[in-house]
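Each remark here refers to the structure printed beneath this line.
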Amino acid sequence: MRLSGITPSGHAQLGNHLGAIQRWVSDGGPDDLYFVSDLHAMTTTHNPGRLRARTSEMLAVLVASGIPAERVFVQSDLARELGALTWILECTCSYGEAARMIQFKEKGSGQPGVRLSLLTYPVLMAADILLPGADEVPVGEDQNQHVELARVLARRFNSTYGEVFTVPRAVLPPTGARVRDLADPERKMSKSARDAAGVVFVLDEPDLIRRKVRRAVTDGSTDVAYAPEERPGVANLLEILAGCRGGRPADLAGEFTSYGALKEAVADAVIETLRPIRERTVELLADPRELARVRAEGAARAVERGEHRLSSAMRLIGAGAQHPGALTSAIMHA
């Protein structure tokens with residue numbers, strides 16, 4: 001079973017869709033789980049209302065994209081289970097192991113008032129992975145170290161207290177579209193970018209998408225060719241077109257004799273790719289009761305997948321009732 005998550009640090013954008021969500025829809029197995037990792041968005045200063053809204057939006061986008069609703073959940077809806085397991089794993093993890101995480105060093109170095117959660121969130125990530133029994137976690141290089149920590153903690157707990165956790169492994173996700181910022185193709189398109197001029201969001205209206213694509217940075221050449229190193233702006237447009245329509249970027253380049261024609265084709269392809277997702281997302285967000293139902297059912301299934309592991313871990317580590325019904329029986333006979 002594979003587990004994948006996406007953090008609502010901003011609005012879902014084209015890079016999220018072509019690089020990950022589209023692949024989750026087409027390649028996901030019947031036991032795979034996908035979650036909105038809203039708790040991970042709290043390691044730095046955040047606006048609670050904005051986080052809540054973006055979490056609902058991201059959940060709606062995942063479902064609207066075609067991921068079966070029963071395989072999607074929101075991380076904070078498992079806060080009790082994840083909180084308990086995180087504490088157990090923190091009692092299994094050393095400070096040195098947490099402090100060695102590269103992202104903590106990079107994001108926390110020299111920053112005043114660094115939150116403790118920035119240090120400990122890799123342990124929460126380990127709980128995310130170990131609670132449902134994931135054996136594969138598709139991650140990029142920046143998260144590989146965190147999956148390795150989950151492996152270390154799973155093995156340590158199993159060897160110290162008893163076999164409970166599946167030891168997961170990181171897997172490199174299949175190569176998806178490399179979507180770059182339209183205004184600055186030297187950087188990735190990001191949902192948390194401060195300047196949204198070069199970011200196409202899933203919920204952007206068609207006219208806005210077309211304007212952003214038309215303003216995309218290209219270069220001073222006159223022909224259309226796929227050369228990622230020398231001409232990253234044009235390469236980015238061709239890769240986006242390939243991600244939406246299929247085909248190889250280098251082959252698609254031969255279809256166009258001008259940048260204007262390429263940009264119009266890219267705009268058309270992006271608009272049609274995102275149109276059904278945007279429309280369904282808007283429907284879900286306009287029906288809070290339906291979205292709440294989807295969210296509650298997803299949480300219930302996710303809890304069901306992991307509650308026996310949490311109960312076993314608590315029992316083996318010396319916490320909680322020794323066996324089901326023991327606490328109730330003790331109270332009744334007190």
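Given the structure is predicted, the values throughout are model-derived calculations rather than measurements.
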query = When the ring planes of H40 and Y121 are compared, do they come out parallel, tilted or perpendicular, using 30° and 60° as the limits?
reply =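 Ring orientation of H40 relative to Y121: perpendicular.
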
When you check the gap from the basic side-chain N to the acidic O, do [X] and [Y] get nearer than 4.0 Å?
X	Y	answer
E148	R155	yes
E255	R245	yes
R2	D32	no
E186	R180	no
R169	D135	no

task = State, without any angle test, whether Y226 and D251 hold a side-chain donor-acceptor pair at a distance under 3.5 Å.
result =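 Absent: no donor and acceptor within the cut-off.
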
inquiry  = Between D38 and S76, is there a side-chain donor-acceptor contact under 3.5 Å, judged purely by atom types and distance?
reply    = yes

request  = In sequence, state the C-alpha distance, the side-chain angles, and the governing distance for D268 and R210, and then conclude on salt bridge (Lys or Arg N to Asp or Glu O under 4.0 Å).
outcome  = CA-CA 8 Å; D268 288 341; R210 193 173 299 279; 2.7 Å; yes

request  = Would you please test M58 and I6 for side-chain contact (heavy atoms from CB on, under 4.5 Å) and show each step?
outcome  = CA-CA 8 Å; M58 193 67 75; I6 185 167; 3.7 Å; yes

Ignoring hydrogens and geometry, is there a side-chain-to-backbone donor-acceptor pair from [X] to [Y] under 3.5 Å?
X	Y	result
N236	P185	no
E205	D207	no
R309	R305	yes

message = If you apply the rule salt bridge (Lys or Arg N to Asp or Glu O under 4.0 Å), what do you find for D204 with K212, and how did you get there?
response = CA-CA 10 Å; D204 278 348; K212 288 181 177 180; 2.9 Å; yes

ask   = Between E57 and R54, is a salt bridge (Lys or Arg N to Asp or Glu O under 4.0 Å) present by the stated rule, with each step listed?
value = CA-CA 5 Å; E57 179 184 305; R54 287 177 176 172; over 6 Å; no

task = Please lay out, stage by stage, how T43 and S117 fare under the test side chain to side chain donor-acceptor pair (under 3.5 Å).
result = CA-CA 5 Å; T43 58; S117 56; 5.3 Å; no

request  = In sequence, state the C-alpha distance, the side-chain angles, and the governing distance for E70 and R301, and then conclude on salt bridge (Lys or Arg N to Asp or Glu O under 4.0 Å).
outcome  = CA-CA 7 Å; E70 64 270 14; R301 293 188 185 97; 5.2 Å; no

inquiry  = Please say yes or no: joined through hydrophobic side-chain contacts below 4.5 Å, possibly via intermediate residues, are L131 and V152 part of one cluster?
reply    = no

ask   = Within a reach of under 6.0 Å around CZ of R115, are more than 12 heavy atoms found that belong to other residues, nucleotides or ligands?
value = yes

message = Looking at R52, I'd like to know if its CZ atom is crowded, meaning that more than 12 non-hydrogen atoms belonging to other residues, nucleotides or ligands lie closer than 6.0 Å.
response = no

task = Walk me through it: do Q75 and V36 pass the test side-chain contact (heavy atoms from CB on, under 4.5 Å)?
result = CA-CA 6 Å; Q75 184 186 31; V36 182; over 6 Å; no

